[in-house]
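Each chain gets a letter, A, B and so on, in the order its sequence line appears, and its residues count up from 1.
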2 protein chains.
Amino acid sequence: MTETDHDELLDHLREAAGCSGLAVRKAARAVGQLYDDALAPAGIKGTQFSLLAAVGLTSKTSVSALADSLVMDRTTLSRNLQPLVRAGLLKMAPGRDRRERRVALTEEGRSTLRTALPLWRQAQARIADALGEGRAARLRGDLAWLARSVLVKS
Amino acid sequence: MTETDHDELLDHLREAAGCSGLAVRKAARAVGQLYDDALAPAGIKGTQFSLLAAVGLTSKTSVSALADSLVMDRTTLSRNLQPLVRAGLLKMAPGRDRRERRVALTEEGRSTLRTALPLWRQAQARIADALGEGRAARLRGDLAWLARSVLVKS
DNA sequence: TGGCAGTATATGTATATGCATCTAATTGAG
DNA sequence: CTCAATTAGATGCATATACATATACTGCCA
């Protein structure tokens, strides 16, 4: 490898520092911390809050349908449900098929959500404070658009 | 629980569907897939590409310094380095301290990066296509701002 | 100089993530 | 009606993620 090759690689790496994927993951880590900290008194993580809320919004969904709505692999969701079922916040019931399993909140799950909601609102407000409400809303829109377009194309 | 309580919970959950944390994680999953698919011929994931590039940009960093620059927990980075060291793309060398360990690319790591760079550029271009170059750049800026503000505050 | 506070990294445990693959159940073509 | 293709979900494996804690080392102060 010559000196020139090495300098050229450095230039390319500087370009790669502007990676959109890295920007999204960095933000996801930082923001994840914020929500996790805020929700800790309720005993759940940000990921689990979203999952409980998604189940609560769509009564008795199948695992696959839920996974699609969360832009998540079915098998990932299948595993993510387990800690919440174990904790008694979610329950699984048989669906129309004998293959299908429907997910629903337990009473304890609803109770946890009620505890978590004001905590979540605080975290959400911190995000809005950091960016301003307008930029925060625009950001959510761009992220949603991005998730949708990327999936459609592949 | 009364009917009214239940309806009220539903209203709150509809509000929670606008969670910024969820929006970021959804996008991170979708975008992660895109980069992973694009980089597959190089034998690395998007996360690993970013890690190799970050190491290449800062010659001989400590683990902690690298973790900070990636908005990542030190212990997470410690583990994420292992597969890349095992694969021969990174090497660890002693630092000034006998506690510190410095991370550097191997020749094979540089070679892998050269293979990966055009693949990465394709994925990056797909993102720009999906949003338009201007919005994509703005999005990266907002995400970086968000990551920075959230960290500073806590 | 001896020990303690602080620093750098690694490890134990738990969740999150996805691909390849497996099992079970359903559906559809012949 | 039978069997292959499809569908729903779970599991094996590997990586990603972070907190609590352990380990090793450094530096400072009494």
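In terms of phosphate contacts, Asn80(A) brings no side-chain nitrogen or oxygen within less than 4.0 Å of OP1 or OP2 of dT15(C). For the pair Gln33(A) and dC19(D), the criterion of a side-chain N or O lying under 4.0 Å from OP1 or OP2 is met. Look at Gln82(B) and you won't find any side-chain N or O under 4.0 angstrom from OP1 or OP2 of dA16(D).
If you measure from atom CG of Leu39(A) to atom C1' of dA18(D), you get 16 Å, rounded to the nearest angstrom. The distance between atom CG of Leu66(B) and atom P of dA16(D), rounded to the nearest whole Å, is 13 Å. One interatomic measurement links the two molecules: CZ of Arg25(A) to C1' of dT15(D), which rounds to 12 Å at whole-angstrom precision. In this structure, CG of Leu81(B) is placed 14 Å from P of dA18(D), rounded to the nearest angstrom. Between Met72(A) atom CE and dC19(C) atom P the separation is 13 Å, expressed in whole Å. One interatomic measurement links the two molecules: NZ of Lys26(A) to P of dT17(D), which rounds to 13 Å at whole-angstrom precision. To the nearest angstrom, P of dA14(C) lies 16 Å from CZ of Arg79(A). Lys45(A) has its NZ atom 19 Å from the P atom of dA16(D), to the nearest Å.
Side-chain proximity of Ser78(A) to dT17(D), dT11(C), dA10(D): nearest is dA10(D). Nearest to the side-chain atoms of Ser62(A) among the listed nucleotides dA16(C), dA18(D), dG9(D) stands dG9(D). Nearest nucleotide to the Thr47(B) side chain, out of dG9(D), dC19(C), dA16(D): dA16(D).
To the nearest 0.5 Å, the span separating OG1 on Thr115(A) from CZ on Arg110(A) amounts to 13.5 Å. Taken to the nearest 0.5 Å, the CD atom of Gln82(A) stands 11.5 Å off from the CG atom of Leu90(A).
Classification of Arg126(A) and Asp129(A) as a salt-bridged pair fails, no side-chain N sitting under 4.0 Å from a carboxylate O.
At the heavy-atom level, Thr75(A) lies under 4.0 Å from base atoms of the strands shown.
Below the 3.5 angstrom threshold, one finds no donor paired with an acceptor across the side chain of Arg74(A) and the base of dG18(C).
No donor-acceptor pair under 3.5 Å is formed between the side chain of Glu100(A) and the backbone N or O of Asp97(A).
Arg114(B) and His12(A) share no side-chain donor-acceptor pair at under 3.5 Å.
Looking at which nucleotide of DNA chain D each of Val63(A) and Pro83(B) is closest to, the 5′-most match is held by Val63(A). Nearest-nucleotide positions on DNA chain D for Val71(B) and Ser64(A) put Ser64(A) closer to the 5' end.
Counting non-hydrogen atoms of neighbouring residues, nucleotides and ligands closer than 6.0 angstrom, the CZ atom of Arg74(B) reaches no more than 12 such neighbours. Atom CZ of Arg98(B) sits in a sparse spot, with 12 or fewer heavy atoms from other residues, nucleotides or ligands closer than 6.0 Å.
Of the residues in residues 85-103 of chain A, those lying under 4.0 Å from DNA chain D by heavy-atom distance are Arg99(A), Glu100(A), Arg101(A).
Residues Asn80(A) and Met72(A) meet the side-chain proximity criterion, which asks for heavy atoms closer than 4.5 Å.
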